[in-house]
Amino acid sequence: MGKIAPSILSADFADLAAEVERVRPQADLLHVDVMDGHFVPVLTIGAPVVRCLRPRTDLYLDCHLMVNNPGDLLDDFAKAGADSCTVHVELGDPRPLFDRMRAHGMRVGLVHNPETPLDAVLPYLEEIDLLLFMSVNPGWGGQAFIPKVLDKVREARRIVDDRGLAVELEIDGGINTETAALAASAGADILVAGSAIFRAPDPLEAARAIRECAWPTS
Ligand code: DX5
Ligand code: ZN
């Protein structure tokens, strides 16, 4: 059974604790999209929001840093209570960031954009806990899933299993009841979903439906 990570990007920021509580029974992690207005055009939230969420939920806080200078933020995210930070490989050698995350006791995530080849992340596979596949271009919720990313997920699944690694494969962008099944069969362990959960009339039911489509219980 895989994991569901609702993305709060599509939640009501003015009522965040209640939004999180609403999906809690079907959430395994909480995906926090941090955008700096430079790496992507949009500006969202940062460590202060993680600090406020931390005492309000026991969920794993999975922080996706879409920022030009993640190194400037890691200390703040660790202190705020982030369980992991995930950094973009497109910014260059992530190893110094991995070391800092480990030093803080955070788990380590690496993410790559849809057009970035899998080869760009493979050298780091043995050093990370989460490998995130963007299945939309980062920046906005509610975009359409890019199916060719599934080829990279399948290839990474094969490599991770062959090498007996514990790294979890996470996919982010355009996940709904249809694409969840595709992503899970390709080998994704964690499905991030924002708009399909928080913009649904019943977010808890939407998360349950995504889980059932991905990993049917009957
Ligand atoms: C996009 C973010 C995603 C976003 C996904 O840049 O990284 O986490 O919340 O939203 P949906 O699920 O609506 O595609
Ligand atoms: Zn994200």
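Order of appearance sets the numbers: ligands from 1, and atoms from 1 within every ligand. From a predicted model like this one, the values you see are computed outputs, not experimental measurements. For this chain, numbers begin at 1 and follow the sequence in order. Note: hydrogens, waters and symmetry copies are ignored here, and every other heavy atom, side chains too, is used.
Among protein heavy atoms, atom 13 (O) of ligand 1 sits closest to Ser195 OG, 2.5 Å. Looking from atom 6 (O) of ligand 1 to the surrounding protein, the closest heavy atom is Gly139 N, 2.7 Å. Among all non-hydrogen protein atoms, the one lying nearest atom 9 (O) of ligand 1 is Ser7 OG, 2.7 Å. Nearest protein neighbour of atom 14 (O) of ligand 1, counting heavy atoms only, is Gly174 N, 2.8 Å. Ranking the protein heavy atoms by distance from atom 1 (C) of ligand 1 puts Trp140 O, 3.6 Å first.
Nearest to the Zn ion (ligand 2), among the N, O or S atoms that His64 has, is ND1.
Ligand 1 is approached by Met134 to a heavy-atom distance shorter than 4.0 Å.
Interface atoms of ligand 1 facing Gly173, defined by a heavy-atom separation under 4.0 Å, are 14 (O). Taking every heavy atom of Gly141 and a limit of under 4.0 angstrom, the matching atoms of ligand 1 come to 10 (O), 13 (O). For ligand 1, the atoms closer than 4.0 angstrom to any heavy atom of His31 are 8 (O). Taking every heavy atom of Pro138 and a limit of under 4.0 angstrom, the matching atoms of ligand 1 come to 6 (O). When each atom of ligand 1 is checked for a heavy atom of Leu9 under 4.0 Å away, the hits are 4 (C), 9 (O). Residue contact check: Met35 has heavy atoms under 4.0 Å from atoms 6 (O) of ligand 1. Every atom of ligand 1 with a heavy atom of Met66 under 4.0 Å away is listed here by number and element: 6 (O), 7 (O). Here is the list of ligand 1 atoms found below 4.0 Å of a heavy atom in Asp172: 2 (C), 3 (C), 4 (C), 5 (C), 7 (O), 8 (O).
Checking Leu132, Leu65, Val87, Thr116 one by one against Val111, the side chain to side chain contact (heavy atoms under 4.5 Å, CB included) holds for a single residue, Leu132.
A salt bridge links Asp151 with Arg154: at least one charged nitrogen is closer than 4.0 Å to a carboxylate oxygen. Salt bridge Asp76/Arg51: absent, no basic N to carboxylate O contact under 4.0 Å. Between Lys152 and Asp119 there is no salt bridge, since none of the side-chain N atoms of the basic residue sits less than 4.0 Å from a carboxylate O of the acidic one. Using a cutoff of 4.0 Å between basic side-chain nitrogens and carboxylate oxygens, Glu21 and Arg24 are not scored as salt-bridged.
Ligand 1 has a nitrogen or oxygen under 3.5 angstrom from a nitrogen or oxygen of Gly194. Looking at ligand 1, you'll find an N or O of Gly142 within less than 3.5 Å of one of its N or O atoms. Distances between N or O atoms of Asn137 and those of ligand 1 include no value under 3.5 Å. For the pair Ser10 and ligand 1, the shortest N or O to N or O distance does not fall below 3.5 Å. For a threshold of 3.5 Å applied to N or O pairs, the pair formed by Asp33 and ligand 1 contains at least one separation below that value.
Under the 4.5 Å side-chain contact rule for hydrophobic residues, Leu169 and Ile159 share a cluster.
In this model, a donor atom of one side chain and an acceptor atom of the other lie less than 3.5 Å apart for His31 and Asp33.
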- After noting the C-alpha distance and the side-chain angles of Ser84 and Leu130, does the key distance pass the side-chain contact (heavy atoms from CB on, under 4.5 Å) rule? CA-CA 9 Å; Ser84 58; Leu130 300 171; 3.6 Å; yes
